[in-house]
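Please read the structure below before turning to the comments.
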Protein chains: 2
Amino acid sequence: MRQAEFDREQVLRSALKAFLNKGYGKTSMQDLTKATGLHPGSIYCAFGNKRGLLVASVEQYKADRDAQFAATFPSDAPVLPCLKRYLDELVNECHSCDSSRACFLVKALNEMADQDAELQAELSTSLESWQAALEAQIQRAKDQGELAADKNPAVLARYLVMGIYGLRTYAQTHPQREVLQQLADQLYLSICH
Amino acid sequence: MRQAEFDREQVLRSALKAFLNKGYGKTSMQDLTKATGLHPGSIYCAFGNKRGLLVASVEQYKADRDAQFAATFPSDAPVLPCLKRYLDELVNECHSCDSSRACFLVKALNEMADQDAELQAELSTSLESWQAALEAQIQRAKDQGELAADKNPAVLARYLVMGIYGLRTYAQTHPQREVLQQLADQLYLSICH
DNA sequence: GACATTCTTGAACGATCACTCAAGAACTTT
DNA sequence: AAAGTTCTTGAGTGATCGTTCAAGAATGTC
């Protein structure tokens with residue numbers, strides 16, 4: 001017996017970065033071997049093919065984001081300050097130079113949806129569960145009296161998701177911190193009134 | 001002398017549709033010859049190369065959108081009803097089956113920005129001038145007393161652009177009319193208070 | 001109707017792509 | 001330390017890509 005020599009999570013994060021930089025279609029296997037340090041044969045042994053590496057990268061991304069989400073919204077804390085911090089972190093991420101301004105799920109969806117129905121379905125349900133998690137937090141805020149009783153959490157969550165999509169897109173032409181921060185603040189106020 | 005046999009505008013709209021369907025990278029010249037009815041040589045004669053066809057398509061798209069914008073915002077009409085109608089048309093467009101849910105400018109920007117700085121700059125300025133046109137309308141609404149005097153047109157226009165980006169992205173996973181219409185209405189209210 | 005000019009046609013080219021596989025390297029077991 | 005097993009290596013494969021170009025078709029001029 002002999003164990004594989006690479007760290008799967010690290011490989012997936014490297015691949016993800018490569019995909020984010022160039023997009024799936026224009027990331028060649030050569031790019032991926034350089035980014036991950038793995039040779040073609042190893043990649044095909046571990047992930048089947050290029051698409052398999054993308055799928056695995058998506059899952060890793062999802063897991064990382066879920067962990068980050070849970071850390072930002074502790075279950076015993078007031079919700080609205082956490083939401084504010086969540087948006088501030090989003091602004092930071094969009095402002096930073098590395099090309100993680102776009103959400104990987106949305107970017108993959110935009111590029112692949114027309115040609116890969118299966119992947120589209122998986123990405124859609126991931127985004128759906130993210131929206132559901134936001135909705136649950138808004139519901140909790142309502143239950144705790146942080147939000148007016150006449151608010152509809154489902155509607156607010158949808159609007160919030162739309163706003164975050166828009167913010168990430170806007171950041172691609174306007175990465176200036178002040179602009180993004182102002183937009184995020186307006187979005188926050190739209191939710192809280 | 002002999003004139004070219006194809007209608008340039010129609011060719012560009014066909015090419016644009018092909019690019020929108022598959023994305024620039026995955027639209028092959030074979031796809032483009034089929035979509036436009038032109039043979040490779042004719043395309044290269046008229047537009048230089050594949051990228052040239054994209055650039056020309058972008059310009060055609062821009063011109064078409066500008067005309068549509070001018071038609072939606074007549075200079076002698078009240079602004080807010082026009083804005084409402086503008087958003088309703090957007091909902092219609094996102095709801096329709098053909099794959100024009102994404103703005104071509106944004107789609108191209110997302111796919112090409114990292115690899116084509118020149119195109120990125122052109123797309124950015126196009127989007128900028130669109131935002132400026134929206135800002136001018138909002139300013140006019142303010143001047144005509146349709147909006148409160150303490151509103152900042154530049155800030156509102158930015159927020160509106162962000163919201164439209166978000167709506168178009170949201171439509172890619174949720175093309176249902178009711179959902180999109182509700183989001184558009186919320187966005188409209190965020191602008192008008 | 002014949003010549004000159006321009007446009008159209010589509011087969012062919014080099015480059016690049018995702019992917020394969022047989023040989024060598026490295027680790028575990030005995 | 002030697003054998004056995006698994007992982008690693010990277011040159012090679014067929015397919016597809018964007019692009020070219022020389023020959024043929026169609027138009028305008030005399």
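What you see below is based on every heavy atom in this structure, not just the backbone, and it leaves out hydrogens, waters and symmetry mates.
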| query | Is there side-chain contact between A/Gln120 and A/Gln115, with at least one heavy-atom pair below 4.5 Å? | reply | no

| Do any side-chain nitrogens or oxygens of A/His39 fall under 4.0 Å of OP1 or OP2 in D/dG10? | yes

| task | Can you tell me the distance, in whole Å, between the CD1 atom of A/Ile43 and the P atom of D/dT9? | result | 11 Å

| said: If the threshold is 4.0 Å, N to carboxylate O, is there a salt bridge linking B/Asp64 and B/Arg13? | reply: yes

| query | Taking everything shown except B/Glu89 itself, do over 12 heavy atoms lie less than 6.0 Å from its CD? | reply | yes

| query | Do we see a donor-acceptor contact under 3.5 Å between the side chains of B/Glu128 and A/His174? | reply | yes

| Which letter, B, S or -, goes with each nucleotide of nucleotides 16-22 of chain D from 5' to 3', with contact meaning a protein heavy atom under 4.0 Å? | -SSBBB-

| task | Would you check if the side chain of B/Glu111 reaches a backbone N or O of B/Tyr24 as a donor-acceptor pair within less than 3.5 Å? | result | yes

